[in-house]
Amino acid sequence: MSTDQPPRRSRRGLGIAGLVIACGAVAIVVTGINAREKSGAELRTWTDEQAISSVAVTRPDGKVPTTTLDLPGRLEAYSRAPIYARVSGYVKSWSADIGAKVKAGEVIAEIEAPDLDQQLLQARADLTSQQASAKLSEATLNRRKTLVASNFVSAQEIDERTADLAAKKAAVNSGQANVERLEALAGYKKISAPFDGVVTERNTDVGALINAGSSSGPAMFVVSDIAKLRVYVNVPQNYAPMARIGGKAVIALPEYPGRTFPATVEASSQAVDVATGTMRIQLGLDNAKGELMPGGFANVKLALARESAPLHIPASALIFNRSGLRVATVGPDDRVQLKPVSIARDLGREIELAAGLTAEDRIIIAPPDGIADGEKVRVVADDAAKAGKPTASEKQDVKG
């Protein structure tokens, strides 16, 4: 009996030890599961945070109301006169070549027209004959009137002689007008400059056959007044109201690099060309020194007068897809709001907007691909806040 009891105590001890071991194992398993769940929750939280896009934002920049517009232009002489012959003949001589400065009324060429000279001689001879006939008719009428009292001449004859004298005087007037007409034409044998200027074209030479009128070929000469030039510019329709009479412009020419010339808006067509969608304006440009040449190309920097300051944004902020042209903004809750915009001018790195944003909008400088409306974002940089620059509305307040 004594030999059987020690094994019983040993089995009881083993049972307790096994229970302790099992409880420890369960505790270890539970602790591991809790740790794994905590790690999983932390991982999900970290993953969700990493999924939120980090963006840099800025505010639209309000520029000053007066802006400029670069457009191509064309220089033209302020006055330009193509000179055609009024009489037919041959060029007898000319005295002004291209580039010559001429004065108003100065003779620059002469035409030889012998047939016109003969017509004038004939007209003068006809006039002399008509004047003699009228003088004879008047003398005859006066003699007949002296015989009326003696009834030697009838009243009918007196009336006939009176009518004959009137016809002869009318013929004299007609002949005189014909002579004056031919004398006026003969005066056109001398080609004169219509105003002070420069001869910019010469398309004739001595002995050349000249036909009267402008439909027979090029002008004999072209005289241009270049002391002042006209600059013609075609302004797009959306800027036409801002190109006002009296506005200023700066002209740059390729032949004078680094130099500019001031000009003033003098007139506008007040109509839009249906073919180009532009309005033509005319600028006056002083050229007293004669440095500028008519017909040349010019780059015109036109000052535009605006009532309100336009908003500018970085070109990288634009989003263009099937929904149209939009800009991603960040609302107060750090969620994306996609707003449609319209462009006024593309300035390269900057875009001038016509509509769509306000001065207080926070725009994403470089929106990531696939950004969606309502998406949560993390703002990591606010250029306007960091730089301390005022918004467009604040600029207007300062100006006011």
Side-chain angles (χ1 to χ4, degrees), residues 60-80 195-198 200 224-273 276-313 342-355 359 389-390 392-400:
D61 190 9
K63 303 294 184 180
V64 292
T66 301
T67 58
T68 59
L69 183 65
D70 289 338
L71 294 170
R74 185 67 60 184
L75 302 180
E76 297 291 346
Y78 208 80
S79 297
R80 179 180 181 274
F195 47 76
D196 295 354
V198 176
T200 53
S224 302
D225 179 7
I226 61 173
K228 187 177 180 180
L229 299 179
R230 304 176 194 263
V231 185
Y232 290 103
V233 181
N234 293 325
V235 180
Q237 179 179 351
N238 53 333
Y239 298 107
M242 292 176 275
R244 299 175 181 173
I245 305 299
K248 302 300 181 182
V250 176
I251 310 298
L253 302 167
E255 63 266 34
Y256 295 110
R259 291 184 60 186
T260 57
F261 302 87
T264 304
V265 179
E266 293 184 338
S268 69
S269 64
Q270 296 297 315
V272 176
D273 186 348
T276 62
T278 60
M279 180 189 73
R280 169 162 286 199
I281 65 171
Q282 174 189 306
L283 298 91
L285 176 60
D286 182 64
N287 190 35
K289 297 181 180 179
E291 296 177 299
L292 311 180
M293 299 177 292
F297 166 82
N299 183 54
V300 181
K301 187 180 291 292
L302 181 65
L304 302 177
R306 296 195 171 189
E307 301 297 336
S308 59
L311 296 180
H312 292 72
I313 64 172
S342 58
I343 295 178
R345 285 195 299 170
D346 187 347
L347 304 176
R349 294 184 179 181
E350 283 191 343
I351 299 296
E352 181 179 306
L353 296 180
K389 66 179 182 179
S393 60
E394 291 170 344
K395 289 182 179 181
Q396 292 293 336
D397 294 339
V398 172
K399 286 187 66 180

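Quick note: numbers below take in every heavy atom, side chains included, and nothing from hydrogens, waters or symmetry partners. On a predicted model such as this, the values are computed, not experimentally measured, just so you know.
Note that CZ of Arg74 and CZ of Arg280 are 10.0 Å apart. Values are rounded to the nearest 0.5 Å. To the nearest 0.5 Å, atoms CE (Met279) and CG (Asp273) are separated by 12.0 Å. Rounding to the nearest 0.5 angstrom, the gap separating the CD atom in Glu266 from the CZ atom in Arg230 is 7.5 Å. The NZ atom of Lys248 lies 10.5 Å from the CG atom of Leu283; values are rounded to the nearest 0.5 Å. Distance check: Leu229 CG to Ser79 OG gives 10.5 Å after rounding to the nearest 0.5 Å. The CD1 atom of Ile245 lies 6.5 Å from the CD atom of Gln270; values are rounded to the nearest 0.5 Å.
Residues Val300 and Ala249 come closest through the heavy atom pair CG1-CB, 4.1 Å. The minimum heavy-atom distance between Glu291 and Tyr256, with the atom names listed, is O-OH, 2.9 Å. Closest approach of Val233 to Pro72, counting heavy atoms only: CG1-O, 3.9 Å. Ser268 and Ile281 make their closest contact through CB-CG2, 3.7 Å (heavy atoms, listed as atom of the first residue, atom of the second, distance). The two atoms that bring Ser224 and Ala77 nearest to each other are CB-CB, 3.7 Å, heavy atoms only. The heavy-atom pair separating Asp225 from Phe195 by the smallest distance is N-CE1, 3.6 Å.
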Side chain to side chain contact (heavy atoms under 4.5 Å, CB included) between Asn299 and Ile251, intermediate numbers included: CA-CA 6 Å; Asn299 183 54; Ile251 310 298; over 6 Å; no

Residue pair Leu302, Val265: steps toward the side chain to side chain contact (heavy atoms under 4.5 Å, CB included) verdict: CA-CA 9 Å; Leu302 181 65; Val265 179; 3.8 Å; yes

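A 4.5 Å side-chain heavy-atom check between Asn287 and Leu75 finds every atom pair outside the cut-off. Contact annotation: the side chain of Thr68 never approaches that of Leu304 to less than 4.5 Å [non-hydrogen atoms, C-beta and beyond].
At a threshold of 4.0 Å, the pair Lys228-Asp286 does not count as salt-bridged, since none of the basic side-chain nitrogens sits closer than that to a carboxylate oxygen.
Other residues, nucleotides and ligands contribute over 12 non-hydrogen atoms within 6.0 Å of the CZ atom of Arg259.
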